[in-house]
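Being a predicted model, the structure only gives us computed values, none of them experimental.
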Amino acid sequence: QVQLVESGGGLVQAGGSLRLSCAASGNIFSINAMGWYRQAPGKQRELVAVILSGGTTNYADSVKGRFTISRDYAKNTMYLQMNGLMAEDTAVYYCNFRGRSGGIPARTYDAWGQGTLVTVSS
């Protein structure tokens, strides 16, 4: 199994910055995609940013130019640098890793973190 642990959420004033981290552990053979999602109260979970194994990144239009996703493969860790935070960024942020576990037969995994709350005060 693969476990994800998130950290870095908290309360910040509008215009401020936060950096989220997501560390993975367990039976990881490869990581195909890493992503950050968020869910605001009363809304559906939405994709914030994703980084693929080749390094390609994709961002939601609402965060382009403000958020940056990055990774450290050696540490099986992903980050989300959030700058210029706005009240509408308030949500629970979840990280997600997808890839293959080691062993025979090979298995895929789709792991989620427990979520970390980001609150932006206006």
**Q** Would you compute the distance between atom CG of Leu47 and atom CG of Asn58 and round it to the nearest 0.5 angstrom?
**A**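 Reported value, rounded in 0.5 Å steps: 7.0 Å.
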
**Q** Does Asn76 reach the main-chain N or O of Ser25 with its side chain, forming a donor-acceptor pair under 3.5 Å?
**A**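 Side chain of Asn76 to backbone of Ser25: no pair is present.
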
**Q** Restricting to non-hydrogen atoms, name the atom on Gln39 and the atom on Gln44 that form the minimum distance, rounded to 0.1 Å.
**A**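 Of all heavy-atom pairs spanning Gln39 and Gln44, the closest is CG-C, 4.1 Å.
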
**Q** Compute the ring centroids of Trp112 and Phe97, then answer whether they are less than 6.0 Å apart.
**A**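 Not under 6.0 Å, so no.
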
**Q** Please report the shortest heavy-atom distance between Tyr73 and Leu52, naming the atom on each side.
**A**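 The pair with the smallest heavy-atom distance is OH-O, 4.4 Å.
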
**Q** Could you check whether Arg38 makes a cation-pi contact with Tyr94, meaning its NZ or CZ is under 6.0 Å from the centre of the six-membered ring and within 45° of the ring axis?
**A**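 That pair does not qualify as a cation-pi contact.
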
**Q** Checking Ile31 against Arg100 for the side-chain contact (heavy atoms from CB on, under 4.5 Å) test, could you report, in this order, the C-alpha distance in whole Å, the side-chain angles of both residues, the deciding distance, and whether it holds?
**A** CA-CA 7 Å; Ile31 303 173; Arg100 288 188 174 272; over 6 Å; no

**Q** Taking Thr90 for the side chain and Val120 for the main chain, is one N or O donor matched with an acceptor at less than 3.5 Å?
**A**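 Side chain of Thr90 to backbone of Val120, a donor-acceptor pair under 3.5 Å: yes, one is there.
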
**Q** Any side-chain heavy atom of Leu80 within less than 4.5 Å of one from Phe67?
**A**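 Yes. Closest side-chain heavy atoms under 4.5 Å.
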
**Q** Could you walk me through whether Gln1 and Gln3 pass side-chain contact (heavy atoms from CB on, under 4.5 Å), step by step?
**A** CA-CA 7 Å; Gln1 288 191 350; Gln3 298 82 36; 3.4 Å; yes

**Q** Cys22 and Leu4: which non-hydrogen atoms are nearest, and at how many Å?
**A**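 Heavy atoms only, the tightest pair is SG-CB, 3.9 Å.
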
**Q** What do the steps show when you test Ser30 against Asn32 for side-chain contact (heavy atoms from CB on, under 4.5 Å), and what is the final call?
**A** CA-CA 6 Å; Ser30 65; Asn32 296 335; 4.0 Å; yes

**Q** I need the Arg19 CZ to Met82 CE distance, nearest 0.5 Å.
**A**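 If I round to the nearest 0.5 Å, the distance is 11.5 Å.
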
**Q** Walk me through it: do Leu20 and Thr116 pass the test side-chain contact (heavy atoms from CB on, under 4.5 Å)?
**A** CA-CA 8 Å; Leu20 305 182; Thr116 186; 4.0 Å; yes

**Q** In terms of hydrophobic clustering (I, L, V, M, F, W, Y; side-chain heavy atoms under 4.5 Å; direct or indirect links), are Val118 and Val63 co-clustered?
**A**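 Yes, same cluster.
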
**Q** Between the side chain of Asn96 and the main-chain N/O of Ala111, is any donor-acceptor distance below 3.5 Å?
**A**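 Answer holds: yes.
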
**Q** Compare every heavy atom of Ser122 with every heavy atom of Ala14, then report the nearest pair and how far apart it is.
**A**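 Smallest heavy-atom distance, with atoms named: CB-CA, 4.2 Å.
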
**Q** Could you tell me which non-hydrogen atom of Glu6 sits nearest to which non-hydrogen atom of Tyr93, and how far apart they are?
**A**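 For Glu6 versus Tyr93, the nearest heavy atoms are OE1-O, 2.7 Å.
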
**Q** Quick one: do the Arg45 and Tyr37 side chains pair a donor with an acceptor below 3.5 Å?
**A**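 No, Tyr37 and Arg45 have no side-chain donor paired with an acceptor closer than 3.5 Å.
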
**Q** Looking only at the side chains, is there a donor atom on one of Asp72 and Thr77 sitting less than 3.5 Å from an acceptor on the other?
**A**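 No, no side-chain donor-acceptor contact under 3.5 Å.
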
**Q** Using the rule that two of Ile, Leu, Val, Met, Phe, Trp, Tyr join whenever any of their side-chain heavy atoms come within less than 4.5 Å, decide whether Leu18 and Met86 are in one cluster.
**A**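 In one cluster with Leu18: Met86, no.
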
**Q** Would a single hydrophobic cluster contain both Val48 and Tyr59, if residues Ile, Leu, Val, Met, Phe, Trp and Tyr are joined by side-chain heavy-atom contacts under 4.5 Å?
**A**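 Same cluster: Tyr59 reaches Val48 through Ile, Leu, Val, Met, Phe, Trp or Tyr contacts under 4.5 Å.
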
**Q** Tell me yes or no: between the side chains of Tyr109 and Arg107, is some donor less than 3.5 Å from an acceptor?
**A**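 Side chains of Tyr109 and Arg107: no pair found under 3.5 Å.
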
**Q** If you apply the rule side chain to side chain donor-acceptor pair (under 3.5 Å), what do you find for Ser17 with Asn83, and how did you get there?
**A** CA-CA 4 Å; Ser17 298; Asn83 299 328; 2.9 Å; yes

**Q** Which pair of non-hydrogen atoms, one from Val2 and one from Ala24, has the smallest distance, and what is that distance?
**A**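 Looking at all heavy atoms of both residues, the shortest contact is CG1-CB, 4.5 Å.
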
**Q** Is the backbone of Asn27 close enough, under 3.5 Å, to the side chain of Ser101 for a donor and an acceptor to pair up by distance?
**A**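 Yes; judged by distance alone, with no hydrogens or angles, the pair exists.
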
